[in-house]
Protein chains: 2
Amino acid sequence: MTKSNSTRSGYPRTSRSLPISLLRAREVVMQPIRDMLGELGLTEQKWRILRTLDELGEVEQSTIAKEACLLLPSLTRILRGMEADGLISRQSDAKDKRRTLVTITDKGRAIVRDNLHLANDISARIESHMGEDEVKQLLDLLEKLQAAKL
Amino acid sequence: MTKSNSTRSGYPRTSRSLPISLLRAREVVMQPIRDMLGELGLTEQKWRILRTLDELGEVEQSTIAKEACLLLPSLTRILRGMEADGLISRQSDAKDKRRTLVTITDKGRAIVRDNLHLANDISARIESHMGEDEVKQLLDLLEKLQAAKL
DNA sequence: TATTGTTATACTCTATAACTATA
DNA sequence: TATAGTTATAGAGTATAACAATA
C-alpha cells in the first residue's frame, strides 16, 4: 500500500516537487542553525560567506556570489558590513584591478571554528534519524543535481 | 582517488553541508522556474501557495504557512494581494471563527494548470541528467529528512 | 489561558538597470 | 566591447512583538 504521487486532478504532489521538497527539507535543517546564528548576530547569508571564505581562502567576489548563492549587488552590501565588523578584508587584485579579492580574518575564522561543532551536532542528529549511509547518499545526489545544466 | 570531504583545517567541506547543499541544489532547479514566474508576475511564494491550495483544497492559514514555508505575518500580506488579484478567496470558519479558510479560485487553478507542464519539463531535464531512479531516490530521502525532528 | 490571525515595525534580501573602472 | 564590481531604487520577505477576537 503506497501513497499516490499525484492529486485527484493528476498534478504531481508537492512532496514530489524537487523545488518545494528541497525547500521544506532545508527549513527542517536550518531551524536549529538559525537559532545559533541569531545568538551570534549573523544572518544566514553572512554565515554562508564565512564558510565559503574559510574553505576557499582568498577569492574574488564573483566566486563568493556563486558559491554562497547571492547576487553581486547583495554581496557588495553584505561585505561592506562584514568588513566594518572585522570579519573579512578586501583588497583589489594587483594583476587585474577590476577584481576585488576577499579573505576571512582571524576573527571571522574564529567564529566559524567556535560554531561549526553545532552544525556538526545537527548533522549527527539527522544521521541518527535517517542513518549515516542515507545522509551520505543524499549529499551525493544533491551534488549530482548541482552539476546539472538546466 | 576520491575527493576529501574536509578542508585542511579539518572542517567539513561546504559541499558536504546539508543546508548549503540543499540551497545550491535548489538554486539550480529554481532558475528556469523563476524565469517562468517572472513572466506570470508571480513570486515564488505565491506559486507555492497556489500549489499548496490546489493540492489541499480549503485549508486554514496556519496550514498554508507550514506547507509553503512562510510565516503567518508574511502570509497575511501575501494573501491580501492574491485575494485582490482574484487568485484565492477567504472566508471565516463558521465552526471556529478564529480560523480563516482559504481556497484557490478557478482563475488561480487555471494558472497552476497552465504552467505546471513547465515544472514537469524541468523534472524531465533533471531526470535525463541524473536518471529517473536517482531523482526518485532523492525525493524519497528528502521526504525522510523532512520527517526528522531536530 | 491558549490559539488564530492581524497589525506594526525594523531589518534584510532580491532584482534590475545604470554606471565606473579596467581589460 | 566585455567584465568586475558598485550604486540606486523599488519591491518583497523575515522576524519579533503587541494586539484583537475567539475558544
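Of all nucleotides listed (D/dG5, C/dT16, D/dA23), C/dT16 comes nearest to the side chain of A/P73. Of the candidate nucleotides C/dG5, D/dT6, D/dA4, D/dT6 has the atom lying nearest to any side-chain atom of A/Q61. Closest to the side chain of A/K97, from the set C/dC13, C/dT7, C/dT22, is C/dT22.
The side chain to side chain donor-acceptor pair (under 3.5 Å) contacts involving residues 67-77 of chain A comprise A/E67-B/R24, where partners must be two or more places apart or lie in separate chains. Annotation: salt bridge (Lys or Arg N to Asp or Glu O under 4.0 Å) contacts involving residues 126-135 of chain A, sequence neighbours excluded, comprise A/E134-B/K144.
B/L70 comes within contact range of the sugar-phosphate backbone alone, with a heavy-atom separation under 4.0 Å but no base atom that close. Contacts of A/T43 with the nucleic acid, taken as non-hydrogen atoms under 4.0 Å apart, involve only primed sugar atoms and P, OP1 or OP2. Backbone-only engagement by B/I78 is indicated by non-hydrogen atom pairs under 4.0 Å involving sugar-phosphate atoms exclusively.
Side-chain contact check for B/Q61 and B/R99: no donor-acceptor pair (N or O, by modelled atom type) lies under 3.5 Å.
No chain of hydrophobic side-chain contacts below 4.5 Å, direct or via other Ile, Leu, Val, Met, Phe, Trp or Tyr residues, connects B/I20 to A/L40.
Listed by residue number, A/R80, A/R90 are the residues of residues 80-90 of chain A with a heavy-atom contact under 4.0 Å to DNA chain D.
For B/R98 and C/dT3, the shortest distance from a side-chain N or O to OP1 or OP2 is not below 4.0 Å.
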